[in-house]
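Reading through the structure tokens given below for one structure.
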Amino acid sequence: MPEDDHQDIQIRVRKAARALAGAGLVHAYGHCSQRIDDKSFLVCAPKPMRLIAPGEAGDVVPIAGALPDGVLGEVRCHQQIYRRRSDVNGICRTFLRDVMTLSTMRLTSRARHGFGSYFAPAPPLWDDASLLRSDEAAGRLAETLGDARAIVMRGNGAITTGASVEESIVMAFFLEEAAKTELAVLAAGDR
């Protein structure tokens with residue numbers, strides 16, 4: 001891949017990370033990535049996304065194989081999703097407040113309005129609050145995701161996917177908006 005294309009991906013991933021942080025969709029944790037080719041992807045620097053500086057490089061990670069030194073263990077989820085989904089070129093690992101609130105009740109938002117329709121009938125729930133630090137667990141999560149755009153992790157955020165890292169960010173916004181609506185409907189006494 002030409003160097004200028006790789007530099008473009010570095011810039012896009014950095015901007016994605018800072019956009020997620022600026023919107024309050026991540027906190028000290030979270031990560032995002034963009035596929036480079038069928039063998040690798042670039043993940044943002046392993047630090048709070050708000051603190052990723054202009055020019056700070058992310059890490060190139062193989063889709064198959066061990067994580068490079070310094071890469072967060074949960075990036076295995078990106079590997080497993082990219083391995084199974086050739087249509088996915090961008091992934092965000094987020095901590096969406098209303099999505100997490102619903103997930104603690106073992107619920108995900110239903111397709112009640114336009115934003116929610118992207119996840120119809122509802123995003124799958126990964127019903128385990130543990131961190132995904134093994135290839136086996138990350139593989140099971142990717143299988144549970146299937147061909148959905150997002151998976152909600154009980155009490156532990158969500159993963160959104162897209163044709164690009166930018167689209168995966170949009171899916172994170174839509175997922176949180178769907179959860180806000182779902183919580184409002186529950187508060188009104190309907191399910």
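Since the model is a prediction, treat every value here as computed from it, not as a measurement.
Val61 and Met49 fall into different hydrophobic clusters, where Ile, Leu, Val, Met, Phe, Trp and Tyr residues are linked whenever their side-chain heavy atoms come under 4.5 Å apart, directly or through other members. By the criterion of side-chain heavy atoms lying less than 4.5 angstrom apart, applied directly or through intervening Ile, Leu, Val, Met, Phe, Trp or Tyr residues, Phe41 is not grouped with Val60; the two fall into different hydrophobic clusters. Hydrophobic clustering places Phe173 together with Val99 (ILVMFWY residues linked when any side-chain heavy atoms are closer than 4.5 Å, directly or through intermediates). If you chain together hydrophobic residues whose side chains sit under 4.5 Å apart, Val26 and Val152 fall into the same group. At a threshold of 4.5 Å between side-chain heavy atoms, the hydrophobic network of Ile, Leu, Val, Met, Phe, Trp and Tyr places Leu72 and Ile91 in one connected group.
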### Message
One pair to check against side chain to side chain contact (heavy atoms under 4.5 Å, CB included): Val165 and Ile9. What are the steps and the verdict?
### Response
CA-CA 9 Å; Val165 69; Ile9 293 172; over 6 Å; no

### Task
For Arg14 and Glu56, run salt bridge (Lys or Arg N to Asp or Glu O under 4.0 Å): C-alpha distance rounded to whole Å, both residues' side-chain angles, the deciding distance at 0.1 Å, then the answer.
CA-CA 8 Å; Arg14 272 195 304 273; Glu56 187 167 1; over 6 Å; no

### Task
Apply side chain to side chain contact (heavy atoms under 4.5 Å, CB included) to Phe119 and Arg110, showing your working.
CA-CA 8 Å; Phe119 312 101; Arg110 292 171 31 198; over 6 Å; no

### Pair Asp147-Arg85, salt bridge (Lys or Arg N to Asp or Glu O under 4.0 Å): steps then yes or no
CA-CA 8 Å; Asp147 63 357; Arg85 299 271 306 270; over 6 Å; no

### Task
Apply salt bridge (Lys or Arg N to Asp or Glu O under 4.0 Å) to the pair Asp37 and Lys39, showing each step before the final yes or no.
CA-CA 5 Å; Asp37 54 32; Lys39 295 187 182 344; over 6 Å; no

### Task
Could you give me the CA-CA distance, side-chain angles and deciding distance for His78 and Val75, then say whether side chain to side chain contact (heavy atoms under 4.5 Å, CB included) is met?
CA-CA 5 Å; His78 298 244; Val75 172; 4.2 Å; yes

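Of the possible polar contacts, none joining the Arg35 side chain to the Leu42 backbone as a donor-acceptor pair under 3.5 Å is found. Looking at Thr144, its side chain does come within 3.5 Å of a backbone N or O of Arg140 through a donor-acceptor pair. Proximity of a side-chain donor or acceptor of Arg154 to a complementary backbone N or O of Trp126 within less than 3.5 Å is not detected. Between the side chain of Glu177 and the backbone N or O of Phe115 there is no donor-acceptor pair closer than 3.5 Å. Looking at Glu143, its side chain never comes within 3.5 Å of a backbone N or O of Gly139 through a donor-acceptor pair. Formation of a donor-acceptor pair under 3.5 Å by the Glu167 side chain with backbone atoms of Thr161 is not found in this model. Side-chain atoms of Asn89 come within 3.5 Å of backbone atoms of Ala163 as a donor-acceptor pair (strictly under, hydrogens ignored). Within the 3.5 Å criterion, the main-chain N or O of Leu102 finds no donor-acceptor partner in the side chain of Glu182.
Across Ile63 and Gln79, no two heavy atoms sit closer than the pair O-CB, 3.7 Å. Of all heavy-atom pairs between Pro124 and Thr108, the closest is O-CG2, 4.2 Å. When every heavy atom of Arg93 is checked against every heavy atom of Ile159, the shortest pair comes out as CD-CG1, 3.6 Å. Across all non-hydrogen atoms, the minimal contact from Ala172 to Leu96 is O-CD1, 3.7 Å. Heavy-atom minimum distance, Ala137 versus Leu132: CB-CD2, 3.5 Å. The minimum heavy-atom distance linking Thr160 with Ala150 is given by the pair CG2-CB, 3.9 Å.
Side-chain contact between Pro123 and Arg149 is absent, with no heavy-atom pair separated by less than 4.5 Å. The shortest distance between side-chain heavy atoms of Met171 and Tyr118 falls below 4.5 Å. Contact check for Ser103 versus Met153: no side-chain heavy atoms found under the 4.5 Å cut-off.
Note: Ile36 CD1 to Gln34 CD = 8.5 Å, rounded to the nearest 0.5 Å. Note that OG1 of Thr94 is 9.5 Å distant from NE2 of His27, once rounded to the nearest 0.5 Å. Here the straight-line distance linking atom CG of Asp135 with atom SG of Cys77 works out to 10.0 Å at 0.5 Å rounding. Between the CG atom in Leu141 and the CD1 atom in Ile151 there is a gap of 4.0 Å [rounded to 0.5 Å]. A distance of 9.5 Å separates OG1 of Thr101 from NZ of Lys180, quoted to the nearest 0.5 Å. Rounding to the nearest 0.5 Å places CD of Glu176 at 13.0 Å from CZ of Phe95.
The existence of a salt bridge linking Arg133 and Glu74 is excluded, since no basic side-chain nitrogen approaches an acidic carboxylate oxygen closer than 4.0 Å.
The environment of NZ in Lys15 is sparse: at most 12 heavy-atom neighbours from other residues, nucleotides or ligands sit within 6.0 Å. Arg18 CZ: more than 12 foreign heavy atoms inside a 6.0 Å radius. Other residues, nucleotides and ligands place no more than 12 heavy atoms under 6.0 Å from the CZ atom of Arg97.
Between Gln80 and Arg84, the side chains place a donor N or O and an acceptor N or O closer than 3.5 Å (distance only, hydrogens not considered). A donor and an acceptor atom, one from each side chain of Tyr82 and Ser33, are located under 3.5 Å apart.
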